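For reference, the structure discussed in these notes is given below.
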Amino acid sequence: SFGKTSTLPALMREKRTRLEDLHAAARIREADHLPLVQQVQVQLKILSAMHRMLHDGKLRRQAHVDSLAKDELIAYTQAQSLKLAKLRDELRAETYTPEASKALHKVREILVEERERAERTKVFAEGRLKQYSEAGPVLERLAAEHAEIKEQLKERHWALQQVRDEGRF
């Protein structure tokens with residue numbers, strides 16, 4: 001049993017030695033990996049910088065592309081506007097020939113005359129209406145009788161016309 005105790009410090013020393021060796025190996029491995037980690041970090045920084053430069057370049061390029069697209073759309077719109085103006089002018093030239101202009105002027109004159117005649121008729125009818133309203137209820141009764149007699153006359157005239165037409169066949 002005494003011999004076993006003496007081996008305990010030796011075992012402890014051996015264990016300590018192994019631990020120190022493990023720590024030393026780990027430090028060596030860390031030292032070996034340290035440049036690799038630094039390389040990876042540098043490469044990541046380089047990739048990040050390249051990504052930023054590429055993104056900025058794309059943004060600048062996109063602004064140029066957008067400007068070109070805008071200019072193209074403006075030119076297209078102007079061309080379409082000119083085409084419409086040309087078509088409008090052609091339509092006017094075909095529509096308003098000297099003969100058509102004279103005819104339109106004549107139609108306008110006729111319309112103005114008809115409007116004046118309608119105004120005169122309106123004024124006359126308003127005057128007559130005022131006179132009738134001043135005459136009172138007797139005139140209303142006479143007007144109703146007159147309208148009825150006129151309607152009867154129309155019906156008899158139509159019947160006479162029918163009889164004449166039947167006689168022809």
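Remember, it's a predicted structure, so these values are computed and weren't measured experimentally.
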Can you give me every donor-acceptor pair (side chain of residues 149-158, partner residue at least two apart or in another chain, under 3.5 Å) with its distance?
none

Atom [atom1] of [X] and atom [atom2] of [Y]: how far apart are they, to the nearest 0.5 Å?
| X | Y | atom1 | atom2 | answer |
| --- | --- | --- | --- | --- |
| K102 | T97 | NZ | OG1 | 9.5 Å |
| L104 | T95 | CG | OG1 | 9.5 Å |
| R52 | D56 | CZ | CG | 8.0 Å |
| M12 | L19 | CE | CG | 10.0 Å |

Practice item. Sort and list the pairs that fulfil salt bridge (charged side-chain N to carboxylate O under 4.0 Å, His left out) and have at least one residue in residues 90-100, not counting sequence neighbours. Key: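 Residue pairs passing salt bridge (charged side-chain N to carboxylate O under 4.0 Å, His left out), neighbours aside: K86-E90.
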Review point. Heavy atoms, side chains only, cut-off 4.5 Å: are K130 and E126 in contact?
Key: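 A side-chain contact is absent here, since even the closest heavy-atom pair is not under 4.5 Å.
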Practice item. Step by step, work out the side-chain contact (heavy atoms from CB on, under 4.5 Å) result for H146 and L142. Key: CA-CA 6 Å; H146 180 267; L142 285 175; over 6 Å; no
Practice item. Could you note down all residue pairs passing side-chain hydrogen bond (donor to acceptor under 3.5 Å, both in side chains) where residues 68-81 supplies at least one of them, sequence neighbours left out? Key: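 Listed once each, the pairs would be none.
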Point to revise | Residues R115, E119: salt bridge by 4.0 Å N-O rule | key: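 No salt bridge links R115 with E119.
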**Study point:** Residues R16, E20: salt bridge by 4.0 Å N-O rule
**Key:**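 No, no charged N to carboxylate O under 4.0 Å.
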Review point. Can you check whether R13's main-chain N or O pairs, donor with acceptor, with T17's side chain at less than 3.5 Å?
Key: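 It does hold such a pair.
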